[in-house]
Amino acid sequence: MKVSIQQQDFDLNAEVRGISGGGKVGAVASFVGLVRDVPMTLEHYAGMTEREIGKIVGQASERWKLIDVTVIHRYGELKPADQIVLVAVASAHRGEAFAACEFIMDYLKTRAPFWKKEHRAGSAEWVEAKASDDTAAERWDPPGGRKTG
Amino acid sequence: MKIRLLFFASLREQLGRSGEEVDLPSGVTTVAALREHLGQRGGAYGKAFGGKALIRAAVNQDMVQPSARIEAGDEVAFFPPVTGG
């Protein structure tokens with residue numbers, strides 16, 4: 001497993017190759033999030049971010065049979081079309097890889113301590129959290145399971 | 001009881017600082033009580049913590065509910081709902 005919180009860009013192909021070795025991997029599902037429309041600054045809570053994403057990957061590994069996972073999230077100044085986040089999951093079969101990739105992304109959106117500030121002409125504003133992100137994460141909760149904080 | 005406070009994003013800007021050391025009165029032993037205590041300072045703190053604004057908290061870098069207990073030496077962070085990804 002690799003979790004990296006970094007300012008610099010990443011290379012999807014290199015990261016996918018990095019979790020594809022060993023001969024047991026039959027499927028790699030990856031997700032890349034990009035900056036849309038507006039330049040932004042991403043702030044995070046160093047230390048907690050790595051820890052929280054590590055926990056999310058751990059939960060995914062308990063639910064599905066995964067061979068390897070890489071999560072990269074950038075912070076700092078980003079401009080439209082820049083890559084922000086990568087989740088790549090390797091497993092023997094595609095079902096686990098697809099599901100775990102979406103699970104990790106949904107939980108990351110609601111639990112990893114990142115905050116976006118958008119820079120428009122003459123103003124800079126913090127992005128408001130979306131209720132739809134909570135809903136996306138909650139659909140993975142077991143019935144009667146705890147709600148996210 | 002001494003703890004370390006951290007603030008992030010809009011909360012950090014509202015308060016004009018990213019953190020501080022505080023010595024809490026003996027009655028303040030949960031995250032909810034700490035929020036109330038900070039709100040009672042008035043000014044920017046009153047605005048940030050006194051109202052009904054949605055604020056998340058973490059104790060020692062674990063996301064917690066308002067009922068979570070605080071102990072001496074803890075790192076307690078307050079921040080708005082997260083918007084990464």
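In this text, all values refer to a predicted model and were calculated from it rather than measured experimentally. Convention: sequence-line order gives letters A, B, ...; per-chain numbering from 1.
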Common cluster, Val28(B)/Tyr45(B), ILVMFWY with side-chain heavy-atom separation under 4.5 Å: yes

message: Quick check on Ala46(A) against chain B: is it the side chain, the backbone, both or neither that has a heavy atom closer than 4.5 Å?
response: backbone

query: Tell me, side chain or backbone of Lys130(A) under 4.5 Å from chain B's heavy atoms, or both, or neither?
result: neither

- request: Check whether any side-chain heavy atom of Met63(B) sits under 4.5 Å from a side-chain heavy atom of Met48(A), and report yes or no.
  value: yes

task: Select one option (side chain, backbone, both, neither) describing which atoms of Lys117(A) are under 4.5 Å from chain B's heavy atoms.
output: side chain

- prompt: Counting only heavy atoms not in Glu71(B), do more than 12 sit closer than 6.0 Å to its CD atom?
  reply: no

field: Within residues 75-85 of chain B, residues adjacent to chain A where the heavy-atom gap is under 4.5 Å
entry: Glu75(B), Ala77(B), Phe79(B), Pro80(B), Pro81(B), Val82(B), Thr83(B), Gly84(B), Gly85(B)

query: Does NE2 in His119(A) sit with more than 12 non-hydrogen atoms of other residues, nucleotides or ligands closer than 6.0 Å?
result: yes

- prompt: Do any pairs count as a salt bridge (Lys or Arg N to Asp or Glu O under 4.0 Å) and have a residue in residues 18-30 of chain A, sequence neighbours left out, and if so which ones?
  reply: none

Verify same cluster id: Ile72(A), Val28(A) (apolar side-chain graph, 4.5 Å): yes

- prompt: When hydrophobic residues are tied together by side-chain contacts of less than 4.5 Å, even through go-betweens, does Phe114(A) share a cluster with Phe10(A)?
  reply: no

query: Between CD of Glu128(A) and OG of Ser10(B), what distance do you get to the nearest 0.5 Å?
result: 8.0 Å

- request: Could you tell me which residues in residues 13-25 of chain B have at least one non-hydrogen atom under 4.5 Å from a non-hydrogen atom of chain A, sorted by residue number?
  value: Glu13(B)

task: Look at the side-chain heavy atoms of Ile, Leu, Val, Met, Phe, Trp and Tyr, link any pair under 4.5 Å apart, and say whether Met1(B) and Leu38(B) land in one connected group.
output: yes

message: Counting neighbours of CZ on Arg63(A) that are heavy atoms of other residues, nucleotides or ligands and sit closer than 6.0 Å, is the number greater than 12?
response: yes

message: Hydrophobic clustering (ILVMFWY, side-chain heavy atoms < 4.5 Å, transitive) - are Ile5(A) and Leu78(A) grouped together?
response: yes

- prompt: Of all residues at least two apart in sequence or in a different chain, which pass the salt bridge (charged side-chain N to carboxylate O under 4.0 Å, His left out) check with Asp82(A)?
  reply: Lys79(A)

field: Side chain, backbone, both or neither of Leu6(B) within contact of chain A (heavy atoms, under 4.5 Å)
entry: side chain

query: Would you find more than 12 non-hydrogen atoms of other residues, nucleotides or ligands less than 6.0 Å from Arg41(B) atom CZ?
result: yes

task: Below 4.5 Å from any heavy atom of chain A, which atoms of Asp62(B) appear? Answer side chain, backbone, both or neither.
output: both

field: Enclosure of Arg36(A) CZ (heavy-atom neighbours >12, cutoff 6.0 Å)
entry: no

